[in-house]
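Bear in mind that the values here come from a model prediction, so they are computed numbers and not experimental data.
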Amino acid sequence: MIVNQISVFVENRPGRLAEITGILAAGGVDIRALSIADTSDFGILRLIVNDPERTDKLLREAGVTSGKTAVIAVKLADEPGSLHKILTILSNHDVVVEYAYAFITRKDSDAYVILKVANNDEAIAMLTAEGQQMLTPEEFYAL
Amino acid sequence: MYWNEKAETMPREEMRRIQGELLRGAVKRAYERVAPYRAKMKQTGVEPGDINTLEDIEKLPFTDKADLRDAYPYGMFAVGMDEVIRIHASSGTTGKQTVVGYTRKDIEIWNECMARCMTMAGVTRGDIVQVAYGYGLFTGGLGGHYGAEYIGAATVPASTGNTKRQLQILEDFGSTVLLCTPSYAMLLGDAVREAGIKGKLKLKSGIHGAEPWTEGMRRELEDRLGYKAYDIYGLSEISGPGVSCDCEAAAGLHVQEDHFYPEIVDAHTGKQVKDGMPGELVFTCLTKEALPLIRYNTRDICTLRKDKCACGRTLARMGKITGRTDDMLIIRGINVFPSQVESVLLGIAEVSPHYLLVVDRKNNLDTLEVRVELREGFPFDEVRRVEELERRIGKEINSTLSISADIRISPIGSVERSEGKAKRVLDLRKNL
Ligand SMILES: [Zn+2]
């Protein structure tokens, strides 16, 4: 399924990341998963949250460069090699994964992986055809 | 449409005759009444009697901002305070400000020149003119104000600042003309876009000056505000805005040369260059009473052409100012004008025209960092894309300016917006 990730562009200066997490905390945003990519001069914060619309608005109002990015969330089967299996399916179809990060839910310790690819629908079709489990957005945000 | 058809469409020969006559009078007056001029001319070995034709102007020494600073505040005035009715001052980025005085006739001529320029930009007495230049010692506010009133337009003295209120005036008052600096217009354009009220505005012309801007910025502004943007030029030492302006042909700024005689001179030799060649822009005030500047070197770099324009005017046309010899940066021995960097950035759709040049020296080597803001909607979640964009900008700057720059893509809103003259350069070498 396709979910909205919150992407935040962060300038590299001391304390900036804490300022942003402070905004999220003050706004009561529930962070499900997080990944940080950084280079020598900027960082990118990627977040899966309970309410992407509200979170994006909250950050923008605080003057933060924020945007919503459509990514895919795939449930990982509870067995060794399940992430490898997904990446192999995509690689066999020449799909380039720009970035990926995984997280575990609190309720039943299910694991999910977030994937950024060029064409979400195409990737979902490939994965579904190979028996990978997708959720509806409602199911996902209710996790 | 002309404000003063006779003056604006005069045959070249007649214009030269009038200019020659006025020049003789202006030089004589300056020599007799302004001590620093007399000293300067004596030093050069030239007397008023040596100036008979327009060609003789090259015999005269130049003046510049330093002369005005040395004479601070009134040392170059040619009249007493009983004749002065207004005083303006221009803020020097370095050191003392320069003080400018106007007699009643000077103000009338300034109004006349502003009216000519604004008419070029399509302003009529039926218009509602929002003057969003700063009111005060700076000449933009009052210059625009009296020019608009002189035409008979409904003049709204909004002054600068308070963007929200400016938007409200634009929308509710139905302003048809906006006067402000191009960087402030860009800020208002951003705000209009954000508020989604472009369709409700009645703007037809924007008249923007007091800082250099590019063709790319003109297109940006026209897109954001749905009007036609005109470039107006002037400097307080000469009078203020209204020295020259774009016409609808947008093929150079017509100089009000029956009042301000323009020359382009080579920055090194001081000799006049051929029409169309770039050099420093020099003005001689032909009719100014209070502060009659002779061969005032503006340090602005541009070109001059004297052929007849498509609009019918014969007034000489200046090209856009491409830089200033005094805000030119020398980085690793290469001349860099902020406006050159700006024109590169305006050609790149993924970034906004808000930028800052940071110049520093590390290990005895000059460094140039270009901070430029991302534009809304850019997919910055992928590091690869941001880095590709940085490389692409670096490459384009390198091919245009022959200098390598460290490009820093920055968050939206992180580069300081300015309501007056934009701060585009941070030269840290000065602190060394
Ligand atoms: Zn013209």
Side-chain angles (χ1 to χ4, degrees), chain A residues 2-17 19-20 23 33-49 52 55-57 59-73 95-101 114-120 123, chain B residues 163-164 187 190-191 193-196 348-360 362 367-395 397 404-418 426 428:
Chain A
I2 296 173
V3 294
N4 264 329
Q5 163 191 285
I6 296 297
S7 309
V8 183
F9 190 87
V10 189
E11 65 266 50
N12 260 359
R13 68 173 162 80
R16 183 55 178 157
L17 195 57
E19 281 169 28
I20 292 168
I23 295 162
L34 167 156
S35 130
I36 298 174
D38 67 343
T39 72
S40 56
D41 51 323
F42 64 89
I44 295 159
L45 181 61
R46 306 180 185 116
L47 301 163
I48 300 296
V49 296
T55 307
D56 185 50
K57 193 161 170 276
L59 288 167
R60 281 168 183 267
E61 280 168 1
V64 176
T65 300
S66 162
K68 287 174 294 192
T69 312
V71 293
I72 46 183
V95 173
V96 176
V97 176
E98 290 293 343
Y99 53 83
Y101 54 101
I114 301 291
L115 298 165
K116 174 65 190 283
V117 294
N119 187 329
N120 287 330
Chain B
T163 304
K164 207 172 154 190
L187 189 142
D190 279 345
R193 178 176 281 179
E194 202 167 298
I348 295 171
E350 292 87 345
V351 293
S352 78
H354 302 294
Y355 68 94
L356 180 72
L357 308 184
V358 184
V359 189
D360 204 349
K362 284 168 193 155
T367 59
L368 171 64
E369 179 184 310
V370 179
R371 286 184 202 161
V372 59
E373 280 184 22
L374 273 179
R375 199 182 278 275
E376 180 63 47
F378 181 79
F380 59 78
D381 64 302
E382 293 176 28
V383 174
R384 183 176 59 87
R385 295 219 200 194
V386 180
E387 289 183 337
E388 266 172 19
L389 180 58
E390 288 181 338
R391 271 195 297 277
R392 203 175 103 214
I393 297 170
K395 222 167 132 185
I397 286 179
S404 63
D406 181 17
I407 312 302
R408 286 285 172 96
I409 298 290
S410 305
I412 298 166
S414 64
V415 175
E416 191 191 341
R417 307 294 198 270
S418 147
L426 184 62
L428 300 167

Nearest heavy-atom approach of A/Phe9 to B/Phe380 is N-CE1, 3.3 Å
Between B/Asp381 and the options A/Lys116, A/Arg46, A/Lys68, the side-chain hydrogen bond (donor to acceptor under 3.5 Å, both in side chains) test singles out A/Lys116
Less than 4.5 Å to any heavy atom of chain B: does that hold for the side chain of A/Val8, its backbone, both, or neither? backbone
Answer with side chain, backbone, both or neither: which region of B/Glu376 has an atom nearer than 4.5 Å to a non-hydrogen atom of chain A? side chain
Let me confirm one number: the CZ-CG distance from B/Arg371 to A/Asp41, rounded to the nearest 0.5 Å. 10.5 Å
What part of A/Ser66 is in contact with chain B, defined as an atom under 4.5 angstrom from a non-hydrogen atom: side chain, backbone, both or neither? backbone
What pairs with B/Arg375 under salt bridge (charged side-chain N to carboxylate O under 4.0 Å, His left out), at least two apart in sequence or on another chain? B/Glu220
Which residues pass the salt bridge (charged side-chain N to carboxylate O under 4.0 Å, His left out) test with B/Glu388, not counting sequence neighbours? B/Arg384
Under 4.5 Å heavy-atom distance to chain B, tell me which part of A/Glu11 shows up: side chain, backbone, both or neither. both
Spacing of A/Thr39 atom OG1 and B/Glu390 atom CD [to the nearest 0.5 Å]: 7.0 Å
Side chain from CB out, backbone as N, CA, C, O: work out which of these in A/Arg60 comes under 4.5 Å of a heavy atom of chain B, or both, or neither. side chain
Between CD1 on residue B/Ile409 and OG1 on residue A/Thr65, distance to nearest 0.5 Å: 11.5 Å
